Amino acid sequence: MIPTSTSFELPTLLELALAHLGLALQASFALISWREGESLSFPYTWGELPSEVQAFVSRGRVPIAESALATTLIETSSAYYSETSYHQEGETRLKSLAFMVAAEPVKTAGAKVIAFINVGREPRLGPWIESERDLLRRSATDFAKLVEQHSSSKSEPTSETRLKGLLQVSSSLAQALTPNDVYETVLTQSIRVLGMRAGAVTILRADNHLEIISAQGQPQHVIEAQRVIELTANHPLADTVRGQQALYFADAESRNRRYPHLTSLFSPATRSSAFVPILSEGQAVGVLTLSFPKRHAFDADERAFIEALADVCARALERAKTFEQEHLAKEHYQTLFNSVDEGFCIFEMLLDDAGQAYDYRFLEVNPKFEEHTGLKDAIGKTAKELVPNLEQHWVDIYGTIARTGQSIRFEQGSAAMDRYFEVYGTRVGGADSRKVALLFKDVSEKKRAEEALQESQRFLATVTDAVPNLTYVYELETRQTLFVNNRLTHLFGYTLDDIGALGPDYFTQLLHPEDLSKLETWRKQAGELADGKVLETEYRFLHKDTSWKWVQAKEIVFKRHGDGSVWQMLGVLEDITERKYWSEQLQSTNARFQLAEEAAHSFSYEWNLATDVVQRSPNLQQVLGYAPGELGDTWEAWAALYHPGDLQVRSKAESMTFLKSYPTDTYGYEYRARHRNGHYLWLHERGLLIRDKNGEVQRVIGQTVDISERKQTEDALKEADRRKDEFLATLAHELRNPLAPIRMSLEIMNLTKDSATQQEALATIRRQTNQIIRLVDDLLDVSRITRGKIKLLKERVVLAEVIEMALESARPLIAERTHQLVVSLPAKQIWLEGDKTRLCQIFLNLLTNAAKYSDPGSQISLSASQQNHEVVVRVRDTGIGIVPEMLPRVFELFARIESGEAAQREGLGIGLHLVKRLVEMHGGYIEASSGGLGGGSEFTVHLPALEADLQEADLPAEHEAKKAKVSRRVLVVDDYEANLKTLSRMLRLMGHEVKEAADGYKALELLGNFTPDLILLDINMPGLSGYEVAIRIRENPRYQGITLAALTGYGTEEDVQRANEAGFHQHLVKPVNIGVLEELLRTLQPISSPGDNLF
Amino acid sequence: MTQDNHHPSSRRVLIVDDNQDGRESLANLLRELGFVVTTAADGTRALSCAESFQPDVVLLDILMPGINGFQVAERLRQHPQLANILLISMSGFPLETDDLRWQRSGFDYHLLKPMDLYVLEPLLRSERPSLNKKS
């Protein structure tokens, strides 16, 4: 360190200058490389040399060729400033240095490079700035001058002690790291070197006060008296700062003259003193005060030395301040640097010749760096050394940061490192800096988790989008759908935007109004849903095309709150519109079948021969009482119900064989089957045989109908048929009975001439003929009433008269059977409205019945009364009576009162039926009662009575027409000779003039010379029919006065009407009743020539 | 027989019929034909009458109140003096071929009303067919 090869004075100056420069540039070290021929020597160094440099320097002399830097500098005669830490290709010994380096050539006036000033400092202090470069350049020039002065002219002798002291001060100051260190070092060294008594350092505070911050050799009270003074004070310290000029006082008197008010303040020990401003960047920042114990004249050299000392002090102070700030910052930085969880590093970009970044070298890394990158011992190594196949994009992006100074935050993965990073990169330093600081995190785990999540979400979305059902997650409290797959559009036509536009309650808006009520129920059920349970709901939802969609939602609990209450539901929605439609169709079809089966009282069945299962429709229950499943689905279960008398119950095998060989595809039969209650029903079964392609019967499908009612009807019809046969037999019997005496009487008349016997025979014939006629009349009446062809000739009738008529007719029979008749009529006349003849018929029938079915000598009673508006007539007998089971049927047609003895069966069974119908035609009704067999019978007739005022109305005049004998002219026309003769003879006997015609033509022919009052015309004749004859007669005005009477065997309404149309006035039923005929002839208007009808 | 037809016989006939006209007209006719005839209006009277009258032939109406034709016939057949008389039933009903009741009653003939005199008269003069066969 101590210069040896040069003279004492110059090296001292050079050393001093070097120290000055080193401090000014905040360098860590500085040295001068002295060129001696083709070698370099290093006579002056400052600071602490790095080991690499020290190794160089310690060699004494080094060939220039060994230093690429020196070679280049000599060749180019230019300076060199490294941007960052020093790195130089091609240098044998010194390739790189962790310091940034500056080198300035020291050139003579002839531009010969005689030496270099080399300075090194820490890279973190930033690149060399222009003022620093200028300082170095000027220093090089000063160095050159110093060397030239020293060699050309003798320099003034300088106190070696002083110079050495200054050098010591300077050298010591290089170690001073804090301002206090600097002050103490300056004061200590100055006092020692200059032999001064005391010294102090005063600095200017930011509040424009001066403060003595360090003092030596001064009594404490002197220091304390002026520790802090204002900048404006009249004081040598303030004046020095304000004037920025040093003040020198050679003795105490000169000082006291200048500052008399301070005399007491200064220490009496101080004789002379110097106040030197400490100048930093041209501004006084403080004062260095030096005091001497005796009078001392400060010469120019001394003043220069002291001021140089102040300057060194200022530099050291600046450096220390910077260092202290840096130290502080560095401490914070280190703390941060070491404590952050993120990785941190600073690296320098390596550029190729074209200025393109191709790699970067790590300068600093924090402890977490390795954890985040997996890279060890990174400092000093390049990225590609550490990761050979590192992706170029890393280099590119950091190159961009270094080039542009733009901070970039990004995430990037490195396949080469198999890591993913989150990075914040920023340039360190100015535009020239290639250093980049990175704060980064290895987020591979997070990224992988994210990717896994994204992947699983994508998978979920893909899966849920692929399923045909709408899938969603619903939050119960907020009523919001948190997730829904793309089926929303597919199912309902809405996009998510459509739904969004509808607002939060879109669901209720789109729900069918009738299904709104389900919502609360659903909410309740969902809130109570257990894990693993599925909640199913069906409702209608409005499609965007305004149609309603039936959907089925199946939902499970997706998430629960901490308290276990349901939070979210996961649901799947399926469009069941079509299913619903068909289900409804099916239901309605089934319902139709069901109703049809109910209506038909039937059920359907299917027998599968292969499985031997017989299925029957539920309506089996209605028909046979068996609930579904109750009967069993086997063949045997059904066969057990067969009535043993109906079907020959085959074994199942026989039954199957029978069916398989069945000739047609349909079959049908009737049989009885037992109802569940035990009674039998008639069933009709029709089935279809379903065959496979080989013609084998596979199944039998059919319908079984309950035909019990039909069977009953059939039975009733059979019964009616039987009764009809019986009736016909009875009818024959009833007709034969009166025919027998007629025939016998005829034989008698044939045999005898005795008049009395003949008369008796005739009377018998007349009676029995009347009997037959009555019988036939009854039959006709029944027929006409049944067909509604009978008309009542209603008039006002006195009940007593009608009853008297009936009694008159019934008396002969009653007398014959020796019955006793009791009649009880009210005193008051009872009126009613009705057909006199028919009313008479009613009571006559009842009386005849009573007489007929009572043993001779029985009592028959008839009573009549009026009860309110009703006429009640009772006919009672003490006869054979009616068995109870027969009572409801006594009024039926052809029903006869059966007493169990065939011999007792008599009568046609039409009388009571006729009575009932006639009563009903009069607006009344009839009842029958009996004390049972042998207990007698009572028939009660109820008829509406006429009101009193009507009853009192005038009586219909009795037409007591005089029964005068009138002779008429009559033409009888009949093709049946017997009839023709009988009728003609009868009329002649009655005293009328009669002509006969055997057919229509003869009749018309006769009319030429015979004009009758009455023509009796048979209708049914060969040739001209009666109708045709009548029409021809009516066509001829000559015959207008003739009354035409038709003779028919039928007497139906049609006959009567047709006769009227043909022009007949009257209609007589054969055989002609003589009374009717007499009445007709009696009432004929004399229409022919007025005189002709007189005898 | 033909001779009997032309010469009134003293053959005794009992006619039983509840119908007065039927009874009397038949009786009158048979009297005209020379039969000795008496009549009864019901079964009870028929039985007492038969005992006193001792008829050769009984013409019995079947349907009668009280004791009917069948019952009368059965009792007559059980009667010691009357068991072999000729019994002829008469009715408005034709006789069914399998009418067991009629067969059991012991009738010899059945005539359907109204009877034909040309059938009736020879029957009345004939002997019992079964009796003929037996003897």
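Order of the sequence lines fixes the chain letters, A, B, ..., with proteins taken first and strands second; residue numbering starts at 1 for each chain. Everything numeric here is computed off the predicted structure, so don't read it as measured data.
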Pairs of heavy atoms under 4.5 Å with chain A: top-ranked of N19(B), L120(B), D116(B):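 Of N19(B), L120(B), D116(B), D116(B) has the most heavy-atom pairs under 4.5 Å with chain A.
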Partner chain A: residue of A41(B), S91(B), G92(B) with the largest heavy-atom pair count (under 4.5 Å):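 Of the candidates given, the most pairs with chain A belong to G92(B).
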A761(A) versus chain B, the contacting section by heavy-atom distance below 4.5 Å: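 The answer is neither part of A761(A).
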Qualifying salt bridge (charged side-chain N to carboxylate O under 4.0 Å, His left out) pairs with a residue from residues 34-62 of chain B, counting only residues at least two apart or across chains: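 For residues 34-62 of chain B, and leaving out neighbouring residues, the salt bridge (charged side-chain N to carboxylate O under 4.0 Å, His left out) pairs sorted by first residue read D42(B)-R45(B), D61(B)-K113(B).
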Side chain, backbone, both or neither of L30(B) within contact of chain A (heavy atoms, under 4.5 Å):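 Contact with chain A: none, neither part.
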W102(B) and H110(B) aromatic ring geometry - parallel, tilted or perpendicular at 30°/60° bounds: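 Rings of H110(B) and W102(B): perpendicular, as their planes differ by over 60°.
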Minimum side-chain heavy-atom gap M749(A)-L762(A) below 4.5 Å: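 Yes, their side chains come closer than 4.5 Å.
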Contact check, side chains of T940(A) and I926(A), non-hydrogen atoms, under 4.5 Å: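 No, every pair of side-chain atoms sits at 4.5 Å or beyond.
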Interface residue of largest heavy-atom contact number with chain B, from L739(A), N750(A), I765(A), D855(A), under 4.5 Å: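 Result: the option with the highest number of such pairs is L739(A).
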Counterpart residues, side-chain contact (heavy atoms from CB on, under 4.5 Å), relative to R104(B) (two or more places apart):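 Applying side-chain contact (heavy atoms from CB on, under 4.5 Å) to R104(B) gives L100(B), R101(B).
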